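Here the structure is laid out as structure tokens; the discussion comes afterwards.
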Amino acid sequence: MGGRLHAVLFCNRAACLMALKKYEEATKECTAALKIEKCYMKAILRRARCYNRLERYEESIAEYNRWIHAVQEARRNPNFRSSDECPFDRAVDVSEIDFQKSAVERTSVEERRSDAALTARQAAEEGRRRAQSAHNRRQQYQDFQNQRRWDSFGGTAPNQDKKRSPHFNGSKKNKDSYHSSTFNGSTRNKPKHEKPKTSPTSNSVTCHYAVLQLSLNASQTDVKKAYRKMALKYHPDKNANCEKAADVFRKVQLAYETLSDERSKRKYDVERLRPRC
């Protein structure tokens, strides 16, 4: 008799905790009741509902199946008495209304389980997509860092004729003659303020200073003024009938991007003065 009272006490306490939405504590009370009476039908059903509220769908469905199977077996064999049967809450005494209600609840839990699985798959797919997107952005950033700052066209600068310096034809003799002329003053004594004698409309122009018509010691202010002047002159909107205007305008933009930044300008000056074999 004491066992029965304790089982009922645990089960009723679980009902009170469920009303307070304390489903974790209610689950423990139902488990305590079922340790005393293994087939306590109310405790089984209440634990199934607690598992559902806690989104533990697999456990909830297992409890609902256990409860429904016990009722079906009792109805098939109403005179059979199992050793684990609860004497004060038998499966055979469950009404048809309660049975149908529990079956509907189990179906609802199965639908919620399917929805939760779908949401989990979508979240995993979104996580993979974001990870791939982040990886692509990092790769693009690394590729950008590996490019030279002044080559904004990605190695496809407009109409550049790759002409070697007249001091070099690949032979060691010409290299030595160039270095000797450099260090005996012929190149070193050349005035730094002299402008490269070329026109920006020429296809052979590759020097950014020549494109902007600047001297080699031009300041940042001179670079900005020259860029505004040349951009205004060769802008494609003002030279719709001139085929070379767009090409010159791109040269002007490329030259300005290089010379307007001190760091890229220094790198460009080093590359410009470096001998090319």
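Please read all numbers here as calculations on a predicted model, not as lab measurements.
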Of all heavy-atom pairs between [X] and [Y], which one has the smallest distance, and what is that distance?
{"X": "S215", "Y": "Y209", "answer": "O-CD2, 3.3 Å"}
{"X": "F249", "Y": "Y234", "answer": "CB-O, 3.5 Å"}
{"X": "A43", "Y": "C11", "answer": "N-SG, 3.8 Å"}

For this session: Look up atom CG in D93 and atom CZ in R90, then write down how far apart they are to the nearest 0.5 Å.
Result: 4.5 Å
Exercise. Just how far is it from atom CZ of R47 to atom OG1 of T27, taken to the nearest 0.5 Å?
Worked result: 8.0 Å
Problem set entry | N-O pairing of R113 and E58 below 4.0 Å | yes
Problem set entry | Contact check, side chains of F99 and R75, non-hydrogen atoms, under 4.5 Å | yes
For this session: Decide salt bridge (Lys or Arg N to Asp or Glu O under 4.0 Å) for E125 and R128; before the verdict, give the C-alpha distance in whole Å, the side-chain angles of both, and the deciding distance to 0.1 Å.
Result: CA-CA 5 Å; E125 183 64 27; R128 287 193 293 270; 2.6 Å; yes
Seminar exercise, completed: Partner of D269 under salt bridge (Lys or Arg N to Asp or Glu O under 4.0 Å), picked from K265, K267, R266, is K265
For this session: Please assess S133 against R129 for the test side chain to side chain donor-acceptor pair (under 3.5 Å), listing each intermediate value before the final yes or no.
Result: CA-CA 6 Å; S133 178; R129 187 189 65 79; 5.4 Å; no
[Y] backbone acceptor or donor facing [X] side chain under 3.5 Å:
{"X": "D98", "Y": "V94", "answer": "no"}
{"X": "Y227", "Y": "S260", "answer": "no"}
{"X": "Q220", "Y": "L259", "answer": "yes"}
{"X": "D84", "Y": "K38", "answer": "no"}
{"X": "N77", "Y": "N79", "answer": "no"}
{"X": "N239", "Y": "P236", "answer": "no"}

Problem set entry | Crowding at CG, L20 (>12 non-hydrogen neighbours, <6.0 Å) | yes
For this session: Look at atom CZ of R130 and say whether more than 12 heavy atoms of other residues, nucleotides or ligands are closer to it than 6.0 Å.
Result: no
For this session: Report the C-alpha distance between E25 and K28 in whole Å, list the side-chain angles of each, state the deciding distance to 0.1 Å, and finish with yes or no for salt bridge (Lys or Arg N to Asp or Glu O under 4.0 Å).
Result: CA-CA 5 Å; E25 292 85 347; K28 295 179 182 180; over 6 Å; no
Within the 3.5 Å criterion, strictly below it, is a donor on [X] or [Y] matched to an acceptor on the partner's side chain?
{"X": "S60", "Y": "R56", "value": "no"}
{"X": "E96", "Y": "Q100", "value": "yes"}
{"X": "E105", "Y": "Y64", "value": "yes"}

Problem set entry | N136: which of Q132, R138, Q140, Q139 passes side chain to side chain donor-acceptor pair (under 3.5 Å) | Q132
Exercise. Can you get from L216 to L214 by hopping between Ile, Leu, Val, Met, Phe, Trp and Tyr side chains that sit under 4.5 Å apart?
Worked result: yes
For this session: Might you work through the salt bridge (Lys or Arg N to Asp or Glu O under 4.0 Å) test for D115 and R112, ending with a clear yes or no?
Result: CA-CA 5 Å; D115 294 341; R112 294 184 66 182; over 6 Å; no
